[in-house]
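Shown next, in structure tokens, is the structure this report addresses.
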Amino acid sequence: MHATQQSPGEWVRIHPLAVRAGHWVNVVAVVIMVMSGWRIYNASPVFDFYFPKSVTLGGWLGGAIQWHFAAMWLFALNGLAYLGYGILSGHFRRKLLPITPRAVFHDVLEALRGRLAHEDLSVYNAAQRAAYVSLIAALVVLVLSGLAIWKPVQLYWLAWLMGDFDNARVVHFLAMAATVAIVAVHVLMVILVPRTLPTMITGRARRTA
Ligand code: HEM
């Protein structure tokens, strides 16, 4: 049935299976990568602080590297499948575009005032679009800087693009920090608008209007 002919109370499809499966696999992979990454960082900190051992994974440097590399394959393959699906199916074009600075500014302001309506769960508002696109961009930078640190000899040009090996480590850290910050706001928004959570699990929601 056509969307405009649907009435309140009817079930509508919000998130396709490919996006839902990819999203939750990604959550597992990202949590493992971030926590083991913090343990790897602690072995040779770039900045003047350590992460508390209780929030790290792997126990020691060798263990953390094994977790990081195991989750890396899950994360990269899942990410490539998501990017491929998003581009080829038109999902990104339909759900994440267009984004205009004006609309993002407006919706972020409304969200801060607690006035941003999220009635139609099948459409992302401009603040969400900006957050998801920034998140995807941060994850791409994470992978590229990670590759530069992993294979600095074979992929010397990648490290060179980021300055040098040490700079690639800083880029990797900053991309991690951006990812963690955006995800923190993302999860806070899900807690504030809990109706969105079941849609990312079952893929469906009842129309409210
Ligand atoms: C426990 C943690 C998380 C929860 C509960 C959660 C929940 C959700 C929900 C409910 C949506 C749909 C929002 C809506 O329909 O309005 C969503 C979308 C999304 N989330 Fe998460 N999320 C979590 C972690 C993450 C992480 C770690 C990432 C990436 C690093 C992420 C990236 C995304 C992206 C990119 C979308 C948009 C997907 C698309 O439509 O293509 N999320 N998330």
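Start at 1 and go down the list; that is how both ligands and their atoms are numbered. Predicted, not measured: the structure shown is a model, and the values here were computed from it.
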N/O donor-acceptor pair under 3.5 Å between Arg207 side chain and Val12 backbone: no
Pairs meeting criterion salt bridge (charged side-chain N to carboxylate O under 4.0 Å, His left out) with involvement of residues 75-98, two or more places apart: none
Student check: side-chain heavy atoms of Met162 and Leu144 closer than 4.5 Å: yes
Residues in the immediate environment of ligand 1 (any heavy atom closer than 4.0 angstrom): His15, Val19, His23, Trp24, Asn26, Val27, Val30, Tyr82, His91, His118, Tyr124, Gln128, Tyr132, Leu135, Leu139, Val183, His186, Val187, Val190, Thr196, Leu197, Thr199, Met200
Val180-Leu142 co-clustered via ILVMFWY side chain contacts under 4.5 Å: yes
Extract all donor-acceptor atom pairs below 3.5 Å that involve side chains of residues 40-55 and protein atoms in other chains or at least two apart in sequence.
{"from": "Tyr41", "atom 1": "OH", "to": "Phe47", "atom 2": "N", "distance (Å)": "3.2"}
{"from": "Tyr41", "atom 1": "OH", "to": "Phe47", "atom 2": "O", "distance (Å)": "3.3"}
{"from": "Tyr41", "atom 1": "OH", "to": "Phe49", "atom 2": "O", "distance (Å)": "2.9"}
{"from": "Asn42", "atom 1": "OD1", "to": "Phe51", "atom 2": "N", "distance (Å)": "2.8"}
{"from": "Asn42", "atom 1": "ND2", "to": "Phe51", "atom 2": "O", "distance (Å)": "2.7"}
{"from": "Ser44", "atom 1": "OG", "to": "Arg169", "atom 2": "NH1", "distance (Å)": "3.4"}

Quiz: residues 85-92 side-chain donor-acceptor pairs under 3.5 angstrom, not counting sequence neighbours:
{"from": "Ser89", "atom 1": "OG", "to": "Tyr85", "atom 2": "O", "distance (Å)": "2.6"}
{"from": "Ser89", "atom 1": "OG", "to": "His91", "atom 2": "N", "distance (Å)": "3.1"}

